[in-house]
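Atom set for the values below is all heavy atoms of this structure, side chains included, hydrogens, waters and symmetry mates excluded.
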Amino acid sequence: PTTQVTTLSASGADAFVVAVAGRACPGALQAAATSQWRPITYVTLTCSSQALMGVAGDASTGVISTQVAHDPANPAVADEPAVAEFLEQG
């Protein structure tokens with residue numbers, strides 16, 4: 001994602017929407033942070049998990065996301081019935 005982020009950074013865009021899944025998400029956030037580009041940054045559900053944001057590290061600071069589901073890796077929701085069922089049944 002570094003090449004795409006570099007192109008977007010050079011465009012002067014003031015918003016960055018990261019709509020990718022998996023390791024490409026933290027990679028895109030890290031590329032933006034390395035480039036010193038500071039747009040308002042939005043990530044989609046496929047990018048907003050605690051695990052991916054953890055991989056992004058400091059590059060995830062200030063990122064805005066929306067999530068309509070519970071992240072089963074988040075201990076704060078471990079007692080939610082749907083999360084417990086998911087963890088039990090997989």
K.L.:
For Asp71 and Gln50, indicate whether the former's side chain and the latter's backbone hold a donor-acceptor pair under 3.5 Å.
P.N.:
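Yes: the side chain of Asp71 pairs with the backbone of Gln50.
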K.L.:
Can you check whether Met53 reaches Ser65 side chain to side chain, under 4.5 Å on heavy atoms?
P.N.:
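When only atoms from C-beta onward are counted, Ser65 and Met53 do not touch, as no gap falls below 4.5 Å.
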K.L.:
Side chains of residues 80-90: which donor-acceptor partners sit under 3.5 Å, not counting sequence neighbours?
P.N.:
none

K.L.:
Connecting only ILVMFWY residues whose side-chain heavy atoms lie within less than 4.5 Å of each other, what is the rest of Val55's hydrophobic cluster?
P.N.:
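Val55 shares its hydrophobic cluster with no other residue.
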K.L.:
Compare every heavy atom of Val43 with every heavy atom of Ser48, then report the nearest pair and how far apart it is.
P.N.:
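In terms of heavy atoms, the two residues are closest at CB-CG2, 4.1 Å.
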K.L.:
Indicate every side-chain donor-acceptor pair of residues 7-21 with a distance under 3.5 Å to a residue at least two apart or in another chain.
P.N.:
residue : atom : partner : partner atom : Å
Thr7    : OG1  : Thr3    : O            : 3.0
Ser11   : OG   : Leu8    : O            : 2.6
Ser11   : OG   : Ala13   : N            : 3.2

K.L.:
Excluding sequence neighbours, so at least two apart, what forms side chain to side chain donor-acceptor pair (under 3.5 Å) with Ser35?
P.N.:
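Ser35 satisfies side chain to side chain donor-acceptor pair (under 3.5 Å) with no other residue.
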K.L.:
I'd like to check the side chain to side chain donor-acceptor pair (under 3.5 Å) partners of Thr2; sequence neighbours left out, ordered by chain and number.
P.N.:
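With sequence neighbours excluded, Thr2 shows a side chain to side chain donor-acceptor pair (under 3.5 Å) to no residue whatsoever.
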K.L.:
Using side-chain heavy atoms (C-beta onward) and a distance below 4.5 Å, is Leu29 in contact with Thr41?
P.N.:
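Yes - at least one pair of side-chain heavy atoms lies under 4.5 Å apart.
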K.L.:
Name all residues meeting the side chain to side chain donor-acceptor pair (under 3.5 Å) criterion together with Arg23; count only those two or more places apart in sequence or in a different chain, and write none if there are none.
P.N.:
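Expected list: none.
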